[in-house]
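First the structure, in the form of structure tokens, and then the observations on it.
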Amino acid sequence: MFDIHRVEVDWGGRPLILETGKVARQADGAVMATYGETKVLATIVAAKEPKPGQDFFPLTVNYQEKAYAAGRIPGGYFKREGRPSEHETLTSRLIDRPIRPLFVDGFKCDTQVIITVLSHDLENQPDILAMVAASAALTISGVPFMGPIGGARVAYINEEYVLNPTVDQMEETALDLIVAGTSDAVLMVESEAQELSEEVMLGAVMFGQQGFQPVIDAIIKLAEKAAKEPREVVVPDHSDLFAKIKEIAADDLGAAYSITQKTERKNAIDAAKAKVVAALITDAEDAPEAVVVGDLFKKLEAEIVRGRILDTGSRIDGRDLSTVRPIMSEVGILPRAHGSSLFTRGETQGLVVATLGTGEDEQFVDYLEGTKKATFLLHYNFPPYSVGETGRIGSPGRREIGHGKLAWRAVNPMLPAHHDFPYTLRVVSEITESNGSSSMATVCGTSLSLMDAGVPLKAPVAGIAMGLIKEGDRFAVLSDILGDEDHLGDMDFKVAGSENGVTALQMDIKIDGITEEIMKVALEQAKGGRIHILGEMSKAITEARAELGEHAPRIEVIKIPVDKIREVIGSGGKVIREIVEKTGAKINIEDDGTVKVASADGKAIKAALNWINSIAAEPEVGVIYEGTVVKCVDFGAFVNFFGARDGLVHISQLAPKKVAKVTDVIKEGDKVWVKLMGFDERGKVRLSMKVVDQETGKEIAKDEEKAEKSE
């Protein structure tokens with residue numbers, strides 16, 4: 001019934017198993033991958049023919065995690081998996097990026113890759129396994145995929161590289177790097193690092209590439225057993241048509257790409273294209289012909305821009321290869337925000353706003369490993385007006401989620417420990433202009449806005465996007481790429497970090513991979529650009545403000561005994577609700593007895609802390625407290641001095657001199673200072689006012705007390 005093919009290989013000290021022929025047999029390609037007790041199923045289906053007029057390659061990658069894989073039931077009302085989580089979206093992008101450039105040029109059939117996590121042993125992470133399974137499924141499917149690729153995760157623990165670390169090992173690593181590529185070149189890198197040097201980062205990439213070679217060999221062995229006949233892709237010869245387009249538009253495009261201003265340049269390019277369309281397309285309804293002309297026009301654009309850069313070292317806007325565009329940094333531009341910045345680099349601009357929140361604002365995120373709390377949130381928005389266009393406004397797309405996560409990775413290692421700065425941080429980056437690397441503008445703007453908000457970063461962080469033009473053995477690495485250089489170039493290599501080292505890398509390649517030599521040049525050139533950008537940022541702010549903004553909440557942290565938590569909360573939350581309502585402060589109590597009290601009003605925090613302490617703590621003998629007289633009797637006065645706790649000040653303890661009548665000294669409602677003298681045999685509190693200066697709240701010295709008595 002089944003025609004099963006199976007390959008097993010030792011990978012990183014554990015067996016990796018690739019199997020096909022048993023599950024999902026109607027897909028063009030289907031592979032079940034197993035690593036430990038983690039199992040994923042990858043399937044690939046491609047349409048037989050492209051849609052009429054299709055002018056792009058419609059590839060979709062969907063990575064999905066099923067709760068049953070970890071023996072869990074989904075949260076929420078409906079108890080079933082809903083829209084993709086942020087983690088699933090990011091993993092889908094992680095797999096899409098290295099496989100996309102390896103499809104044969106001219107293949108435009110609708111193609112869908114679906115990877116499903118079926119089992120997770122909570123030790124071996126499924127994202128790398130998903131990438132491997134997708135590569136294997138594509139390789140055996142018969143679609144024109146020039147793979148296979150491999151992928152690996154690299155950790156850096158005790159100054160040593162670790163291949164495919166377990167979930168527990170990731171808790172102690174200074175690096176989380178994912179690399180994908182072919183047998184001889186790197187295609188994709190994604191990482192977060194703790195200020196590591198360029199040498200360490202490059203070593204990790206090459207270690208990972210070497211580490212996934214057994215995976216590529218295993219996929220090739222599986223393909224030798226189970227691969228389908230490859231599809232033929234007929235690429236028509238348009239050399240004559242390209243020559244005509246070149247004759248019509250080459251001079252105009254050359255002049256257009258000499259214009260440094262983006263909008264003017266775009267208008268000139270559109271005019272050149274309209275000239276070509278008018279000359280070559282006779283039937284406006286002929287969509288396929290228009291698609292071909294459009295593709296060839298883009299090819300001519302690339303030829304002109306790339307040739308000029310390689311031949312002269314001069315770029316579209318007149319810069320040389322390593323110069324960064326002019327930078328302007330501003331902070332504190334929004335009066336009510338806790339922290340804000342406007343970062344402008346050339347024609348790219350980000351308005352970045354930081355908000356400080358409390359424990360109530362923490363985000364609970366569901367993973368297969370369980371629910372975790374996020375205390376640092378970074379949201380990136382890319383409205384259509386930022387590129388002078390109209391468009392749909394809605395929930396964030398994959399690109400926005402990916403760019404936001406990249407900036408998050410860049411800044412996260414530089415945040416203070418949560419127990420030292422117990423705030424929930426939310427940063428929102430509004431891209432108001434874009435012409436190249438808005439994600440790196442977000443990194444710079446985030447660093448500025450957090451420092452403006454008073455968040456004590458370990459060091460400021462900046463980011464820069466590097467590009468590549470490669471023709472044969474000739475190549476040029478470009479610093480701070482423009483949008484056009486991104487579209488027409490071969491690489492988008494983003495590097496972020498502080499003066500001390502790298503905190504994040506992201507690299508995507510549009511060709512069949514790059515070498516160690518090119519990566520080394522790009523990293524060194526990026527370091528110089530990053531240091532320059534940090535210098536420009538320092539003109540606005542160099543370190544966190546000493547004080548939080550006036551509208552930001554203040555948080556005080558205390559610890560109470562665990563057995564007192566129930567008393568502070570009260571039956572059904574009655575007590576803590578009353579404290580919040582009466583004081584106006586926000587209160588968060590953790591299971592270990594940590595209590596965080598937050599408010600923009602210092603008096604509210606003090607009142608709430610006093611109330612909580614009165615419940616959870618015991619008054620100390622010999623300590624002076626401020627209190628309120630609640631009742632006067634013949635033999636003394638009862639004073640409320642420790643939250644809800646009352647004590648008696650005997651008439652003999654009201655003043656240094658003898659008192660005939662209690663009300664001669666105090667009356668109900670008076671604020672007084674009392675010292676806790678101790679407890680009587682029945683446990684009743686004994687207080688004294690006469691040993692405390694009622695104006696200053698300080699204890700009266702013994703000799704002063706004697707002098708007053710003698711008088």
Side-chain angles (χ1 to χ4, degrees), residues 156 159 173-177 189 191-205 321-331 339 341 343-346 348 350 352 354 376 378 406-417 420-421 425 427 429 437 439-466 477-481 493-507 519-546:
Y156 192 61
E159 298 187 351
T173 183
L175 171 68
D176 180 6
L177 181 142
V189 177
S191 70
E192 178 184 343
Q194 301 287 340
E195 288 187 293
L196 298 179
S197 69
E198 281 73 11
E199 292 76 17
V200 170
M201 298 300 292
L202 180 58
V205 173
L321 301 182
S322 60
T323 298
V324 177
R325 289 171 289 175
I327 291 172
M328 174 64 74
S329 300
E330 302 172 66
V331 295
S341 69
F343 179 83
T344 308
R345 186 191 60 245
T348 296
V352 187
F376 174 41
L378 198 155
L406 173 59
W408 184 96
R409 288 191 179 103
V411 176
N412 184 58
M414 308 312 296
L415 293 177
D420 293 329
F421 192 76
L425 306 174
V427 174
S429 173
S437 192
S439 63
M440 294 297 94
T442 295
V443 171
C444 300
T446 297
S447 181
L448 292 167
S449 67
L450 287 173
M451 289 191 291
D452 183 50
V455 179
L457 296 181
K458 298 172 187 175
V461 183
I464 186 171
M466 312 298 294
V477 175
L478 316 178
S479 294
D480 181 24
I481 55 175
F493 189 10
K494 299 182 174 78
V495 186
S498 68
E499 285 191 355
N500 301 320
V502 176
T503 57
L505 284 184
Q506 184 183 86
M507 183 183 75
M519 283 196 65
K520 185 175 182 180
V521 171
L523 281 167
E524 285 303 316
Q525 198 166 310
K527 182 178 181 180
R530 187 175 79 245
I531 299 302
H532 168 74
I533 295 170
L534 284 167
E536 294 298 302
M537 290 166 56
S538 69
K539 295 176 181 178
I541 190 170
T542 57
E543 59 184 13
R545 298 195 188 281

Practice problem: Scan Q194, K527, E198 and name whichever one has a side chain to side chain contact (heavy atoms under 4.5 Å, CB included) with V502. | Solution: E198
Using modelled atom types and a 3.5 Å cut-off, is there a donor and acceptor pairing between side-chain atoms of [X] and backbone atoms of [Y]?
| X | Y | result |
| --- | --- | --- |
| S197 | V200 | yes |
| D480 | R325 | yes |
| R530 | S498 | yes |
| S437 | S439 | no |
| T542 | S538 | no |
| R345 | I533 | no |
| K458 | P413 | yes |
| Q506 | L406 | no |

Which distance, rounded to the nearest 0.5 Å, do you find between the [atom1] of [X] and the [atom2] of [Y]?
| X | Y | atom1 | atom2 | value |
| --- | --- | --- | --- | --- |
| L450 | L425 | CG | CG | 6.0 Å |
| T173 | E192 | OG1 | CD | 10.0 Å |
| S322 | E524 | OG | CD | 13.0 Å |
| M451 | S447 | CE | OG | 4.0 Å |

Exercise. State, without any angle test, whether S449 and S341 hold a side-chain donor-acceptor pair at a distance under 3.5 Å.
Key: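 Absent: no donor and acceptor within the cut-off.
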With a 4.5 Å limit on heavy-atom distance, are the side chains of [X] and [Y] in contact?
| X | Y | result |
| --- | --- | --- |
| M537 | F343 | yes |
| L505 | M201 | yes |
| E330 | D452 | no |

If you look at every heavy atom in [X] and [Y], which pair is closest and at what distance?
| X | Y | result |
| --- | --- | --- |
| L478 | Q525 | C-NE2, 4.0 Å |
| S429 | V352 | OG-CG2, 3.9 Å |
| V443 | G463 | CG1-N, 4.0 Å |

Practice problem: Using the side-chain contact (heavy atoms from CB on, under 4.5 Å) rule, take M414 and E195 through it: C-alpha gap first, then chi angles, then the decisive distance, then the call. | Solution: CA-CA 9 Å; M414 308 312 296; E195 288 187 293; 3.4 Å; yes
Quiz prompt | Check against side-chain contact (heavy atoms from CB on, under 4.5 Å), V411 and F376 | solution = CA-CA 10 Å; V411 176; F376 174 41; 4.2 Å; yes
Practice problem: Kindly determine whether F493 and V477 satisfy side-chain contact (heavy atoms from CB on, under 4.5 Å), including the steps that lead there. | Solution: CA-CA 10 Å; F493 189 10; V477 175; over 6 Å; no
Quiz prompt | Worked check of side-chain contact (heavy atoms from CB on, under 4.5 Å) between I464 and S479 | solution = CA-CA 7 Å; I464 186 171; S479 294; 4.2 Å; yes
